[in-house]
Visitor: 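This structure is in structure tokens; I'll ask about it shortly.
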Amino acid sequence: MFIIRRLFRQKPIPFPLPHTSSNPCFFYSKLRDHYAFESPPSISPSPEPKPRSNKPPKPRYKPPSSLDLADKKPRRSDLPFDFQYSYTETSPSVRPIGLREPKYSPFGPGRLDRKWTGVCAPAVDPKATSVEGMEDPKLEEKRRVMRENIQGEPLTGAERKALVEKCQKKKTNRQINIGRDGLTHNMLNDIYNHWKHAEAVRIKCLGVPTVDMKNVCTQLEDKTNGKIIHRHGGFLVLYRGRNYNPKKRPFIPLMLWRPHEPIYPRLIKTTIDGLSIDETKEMRKKGLAVPALTKLAKNGYYGSLVPMVRDAFLSCELVRIDCQGLEKSDYKKIGCKLRDLVPCILVTFEKEQIVVWRGKDYQPLDSGCYLTVRESFDDIDGNMNFVDDDDSDAGSQSGNNE
């Protein structure tokens, strides 16, 4: 009975009412007083919806696209040569056997009046559908006349020395780097941009193209109408010419992306010409066992590689070159250049090695197709001894000779 009386004496517990702005919570809460508690927005009254306006939404900003011609006509370039991605890594004597992608121009759709063949944009026939280019004597004559008009009278010895001195590393930081892709098409535009500020530009060449420096120098002079006035190893000084006018520079369309490489024939055959299958296997095994002629450094200067292989063939029929650390595509390109320049027969690329064979009827070449370490072009006195701080070993082979 006592317990029942205690229960009846207690005050009834009020039920909480919904919390609104007009009807606050009935029960006592310590959270609001002690902790400044605020009710979450989920239980607060929803605001009245704003009336919708009939004004159309503002369109989002869209940056201008380089592929949008906006009803513009395709640009025309009067440069008298075919446009390629790289002018030093593609050999016109080797034709591809197929393409890895459709013939889609890297300059963008409709931006250029030249037809992209999958390898190049020919200057002769804009409607060309064949990969093989067409030789036109008129283009060669036009190129020769244009070059003579720009170069003007040859430089004197004093003028050449002054220009080479201005291009030294201690004088200027302006430099163009030619790497593993060689002289690319967009580098032509970079060279003309440098010629706005100086009569000559310093060019540093490293990687695969330095195996054939003569080709690099030829392509630079041919595609830019300039003249190389000094070379030390992989460092070049390219002069623009006496009559060069920056305001009349040719129009060079830029490649917006790198095109896919076409499919070329295999470099290593299953059976070497003139040998049987067993003899080919034995030669590959023997080639991997011979001492390495040299070890190539990554992105080094390989200008002395061709004469080294030629000298080695005088005493040994097989030559091995250590290419550990190099990209697979790099030492394949090096092997392809050795095959054409030495000449020699490629045996294998296994274990990151280049093994070449001189062949049965090897005859050493008397006339070399490579350049010397240092060369001053058209210098009668031969006093061009300017060397950069980091050029002391530019003419030597990058790597460890064994």
Visitor: Please check this pair: side chain of Asn243 against backbone of Asn149, looking for a donor-acceptor N/O pair closer than 3.5 Å.
Guide: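 Looks like yes, one N/O pair under 3.5 Å.
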
Visitor: How far does NE2 of His230 sit from CD of Gln168, to the nearest 0.5 angstrom?
Guide: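 Spacing of NE2 (His230) from CD (Gln168) equals 6.5 Å.
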
Visitor: Side-chain contact test, heavy atoms from C-beta onward, threshold under 4.5 Å: evaluate it for Tyr85 versus Pro106 and give yes or no.
Guide: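 Side chain of Tyr85 against side chain of Pro106, heavy atoms only: no contact under 4.5 Å found.
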
Visitor: Counting distance only, does the side-chain N/O of Tyr264 pair as donor-acceptor with the main-chain N or O of Gly98 below 3.5 Å?
Guide: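 Flag not set: sc Tyr264 to bb Gly98 has no pair under 3.5 Å.
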
Visitor: Are any non-hydrogen side-chain atoms of Ile263 and Leu99 less than 4.5 angstrom apart?
Guide: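 When only atoms from C-beta onward are counted, Leu99 and Ile263 do not touch, as no gap falls below 4.5 Å.
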
Visitor: For Leu206, does its backbone N or O pair with a side-chain atom of Thr210 as donor and acceptor, under 3.5 Å?
Guide: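 Not confirmed, Thr210 side chain does not pair with Leu206 backbone.
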
Visitor: Determine which pairs satisfy salt bridge (Lys or Arg N to Asp or Glu O under 4.0 Å) with at least one residue from residues 253-275, sequence neighbours left out, and list them in order.
Guide: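 Every salt bridge (Lys or Arg N to Asp or Glu O under 4.0 Å) pair that includes a residue of residues 253-275, provided the two are not neighbours, is Asp181-Arg258, Arg258-Glu261, Lys269-Asp273.
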
Visitor: So, for Leu112 and Pro74, which heavy atoms are closest and what is the spacing to 0.1 Å?
Guide: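 Residues Leu112 and Pro74, closest heavy atoms: C-CB, 3.9 Å.
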
Visitor: Run Thr184 and Met187 through side-chain contact (heavy atoms from CB on, under 4.5 Å) and show every step you take.
Guide: CA-CA 5 Å; Thr184 60; Met187 282 184 183; 3.2 Å; yes

Visitor: Mind checking whether Tyr87 and Phe81 have parallel, tilted or perpendicular rings, split at 30° and 60°?
Guide: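 Perpendicular, since the angle between the ring planes exceeds 60°.
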
Visitor: Distance check, rounded to the nearest 0.5 Å: Leu183 atom CG versus Ile203 atom CD1?
Guide: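 One finds 8.0 Å between CG of Leu183 and CD1 of Ile203.
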
Visitor: Check whether any side-chain heavy atom of Leu293 sits under 4.5 Å from a side-chain heavy atom of Met308, and report yes or no.
Guide: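 Side chain of Leu293 against side chain of Met308, heavy atoms only: contact under 4.5 Å found.
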
Visitor: Lys298 and Gly325: which non-hydrogen atoms are nearest, and at how many Å?
Guide: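 Smallest interatomic distance, heavy atoms only, reads CD-O, 3.7 Å.
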
Visitor: Compare every heavy atom of Pro96 with every heavy atom of Val119, then report the nearest pair and how far apart it is.
Guide: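 Heavy atoms of Val119 and Pro96 come nearest at CG2-CG, 3.9 Å.
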
Visitor: Are the side chain of Arg100 and the backbone N or O of His260 linked by a donor-acceptor pair below 3.5 Å?
Guide: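 No, Arg100 side chain to His260 backbone: no donor-acceptor pair under 3.5 Å.
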
Visitor: Would you say that more than 12 heavy atoms from the other residues, nucleotides or ligands in this model lie under 6.0 Å from the CD1 of Ile277, or not?
Guide: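 Check fails, neighbour count at 12 or below.
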
Visitor: Begin with the C-alpha distance, continue with both residues' side-chain angles, and end with the deciding distance and a verdict on salt bridge (Lys or Arg N to Asp or Glu O under 4.0 Å) for Arg180 and Asp330.
Guide: CA-CA 7 Å; Arg180 57 192 301 185; Asp330 287 355; 3.1 Å; yes

Visitor: Give the intermediate values and the outcome of side-chain contact (heavy atoms from CB on, under 4.5 Å) for residues Cys323 and Ile321.
Guide: CA-CA 6 Å; Cys323 300; Ile321 303 171; 4.2 Å; yes

Visitor: Counting only N and O atoms by type, is there a donor-acceptor contact under 3.5 Å from the side chain of Ser77 to the main-chain atoms of Phe251?
Guide: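 Answer holds: yes.
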
Visitor: Minimum heavy-atom separation for Ala123 to Asp82, with atom names?
Guide: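 So the minimum-distance heavy-atom pair works out to N-OD1, 2.8 Å.
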
Visitor: Kindly compute the distance separating CD1 (Ile176) from CG (Leu220), expressed to the nearest 0.5 Å.
Guide: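 The CG atom of Leu220 is 9.0 Å from CD1 of Ile176, to the nearest 0.5 Å.
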
Visitor: Assess the residue pair Leu346 and Ile272 against the criterion (side-chain contact (heavy atoms from CB on, under 4.5 Å)); give the C-alpha distance rounded to whole Å, side-chain angles, the decisive distance to 0.1 Å, and a yes or no.
Guide: CA-CA 9 Å; Leu346 296 176; Ile272 299 176; over 6 Å; no

Visitor: Give a yes or no on this: more than 12 heavy atoms of other residues, nucleotides or ligands lie within 6.0 Å of atom CD of Glu101.
Guide: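 Buried by this count: over 12 neighbours within 6.0 Å.
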
Visitor: Can any side-chain N or O of Arg202 pair as donor or acceptor with the backbone N or O of Val237 at less than 3.5 Å?
Guide: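 Side chain of Arg202 to backbone of Val237, a donor-acceptor pair under 3.5 Å: no, none is there.
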
Visitor: Have a look at Leu155 and tell me which of Lys161, Lys227, Glu199, Arg160 forms a side chain to side chain contact (heavy atoms under 4.5 Å, CB included) with it.
Guide: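 Single side chain to side chain contact (heavy atoms under 4.5 Å, CB included) partner of Leu155 among Lys161, Lys227, Glu199, Arg160: Arg160.
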
Visitor: Under 3.5 Å, is there a donor-acceptor pair between the Gln175 and Asn177 side chains?
Guide: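 Yes, a side-chain donor-acceptor pair sits under 3.5 Å.
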
Visitor: Please name all residues satisfying side-chain hydrogen bond (donor to acceptor under 3.5 Å, both in side chains) with His194, sequence neighbours left out, ordered by chain then number.
Guide: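 Not a single residue meets the side-chain hydrogen bond (donor to acceptor under 3.5 Å, both in side chains) criterion with His194.
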
Visitor: State, to 0.1 Å, how close Val355 and Arg320 come at their nearest heavy-atom pair, and which atoms those are.
Guide: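 Closest approach of Val355 to Arg320, heavy atoms only: CG2-CG, 4.2 Å.
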
Visitor: Could you go through Lys286 and Glu282, starting from their C-alpha distance and side-chain angles, then the distance that decides it, and tell me whether this counts as salt bridge (Lys or Arg N to Asp or Glu O under 4.0 Å)?
Guide: CA-CA 6 Å; Lys286 182 180 178 181; Glu282 186 66 24; over 6 Å; no

Visitor: Cut-off 3.5 Å, side chains only: do Asp322 and Gln353 have a donor facing an acceptor?
Guide: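 On atom types as modelled, these side chains qualify, holding a pair under 3.5 Å.
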
Visitor: Would you find a donor on one side and an acceptor on the other, under 3.5 Å apart, between the side chain of Glu279 and the backbone of Ser276?
Guide: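 Yes: the side chain of Glu279 pairs with the backbone of Ser276.
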
Visitor: Please report the interatomic distance OH(Tyr192) to CD1(Ile252), rounded to the nearest 0.5 Å.
Guide: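 Atom-to-atom, Tyr192:OH and Ile252:CD1 are 5.0 Å apart.
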
Visitor: To the nearest 0.5 Å, how far apart are OG1 in Thr348 and NZ in Lys281?
Guide: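 Rounded to the nearest 0.5 Å, the OG1-NZ separation comes out at 13.0 Å.
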
Visitor: Does a salt bridge link Asp222 with Arg143, judged by any charged N lying under 4.0 Å from a carboxylate O?
Guide: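 Here Asp222 pairs with Arg143 in a salt bridge, since their nearest N and O are under 4.0 Å apart.
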
Visitor: Restricting to pairs with a member in residues 233-250, which pass salt bridge (Lys or Arg N to Asp or Glu O under 4.0 Å), not counting sequence neighbours?
Guide: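 Sorted result for residues 233-250: Glu159-Arg242.
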
Visitor: Between Arg310 and Val342 (side chain of the first, backbone of the second, donor and acceptor by atom type, cut-off under 3.5 Å), is there such a pair?
Guide: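 A pair under 3.5 Å: yes.
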
Visitor: Within the distance-only criterion (no hydrogens, no angle test), does the side chain of Gln84 pair as donor or acceptor with the backbone N or O of Ala121 below 3.5 angstrom?
Guide: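 Not a single qualifying donor-acceptor pair exists.
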
Visitor: State whether the side chain of Glu221 and the backbone N or O of Ile228 hold a donor-acceptor pair below 3.5 Å, judged by distance alone.
Guide: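 At least one qualifying donor-acceptor pair exists.
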
Visitor: Is it the case that the ring center of His185 lies less than 6.0 angstrom away from the ring center of Phe83?
Guide: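 That pair passes the under 6.0 Å test.
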
Visitor: Let me know which of Leu318, Ile354, Val319 forms a side chain to side chain contact (heavy atoms under 4.5 Å, CB included) with Val347.
Guide: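 When Leu318, Ile354, Val319 are each tested with Val347, the side chain to side chain contact (heavy atoms under 4.5 Å, CB included) holds only for Leu318.
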
Visitor: Please tell me whether Trp116 and Tyr104 form a close aromatic pair, meaning their ring centres lie under 6.0 Å apart.
Guide: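 For Trp116 and Tyr104, the ring centres are not under 6.0 Å apart.
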
Visitor: Where do Arg76 and Asp113 land on the salt bridge (Lys or Arg N to Asp or Glu O under 4.0 Å) test, with the steps shown first?
Guide: CA-CA 6 Å; Arg76 176 177 177 81; Asp113 63 345; 3.1 Å; yes

Visitor: Yes or no on side-chain contact (heavy atoms from CB on, under 4.5 Å) for Val201 and Arg174, after CA distance, side-chain angles and deciding distance?
Guide: CA-CA 7 Å; Val201 59; Arg174 295 184 179 274; 5.6 Å; no

Visitor: Is it true that atom CG of Asn245 has more than 12 heavy atoms of other residues, nucleotides or ligands lying nearer than 6.0 Å?
Guide: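 Yes - once you tally the heavy atoms of other residues, nucleotides and ligands closer than 6.0 Å, there are more than 12.
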
Visitor: Between atom CD1 of Ile178 and atom CG of Leu236, what is the distance when rounded to the nearest 0.5 Å?
Guide: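 Taking CD1 in Ile178 and CG in Leu236, the distance rounds to 7.0 Å.
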
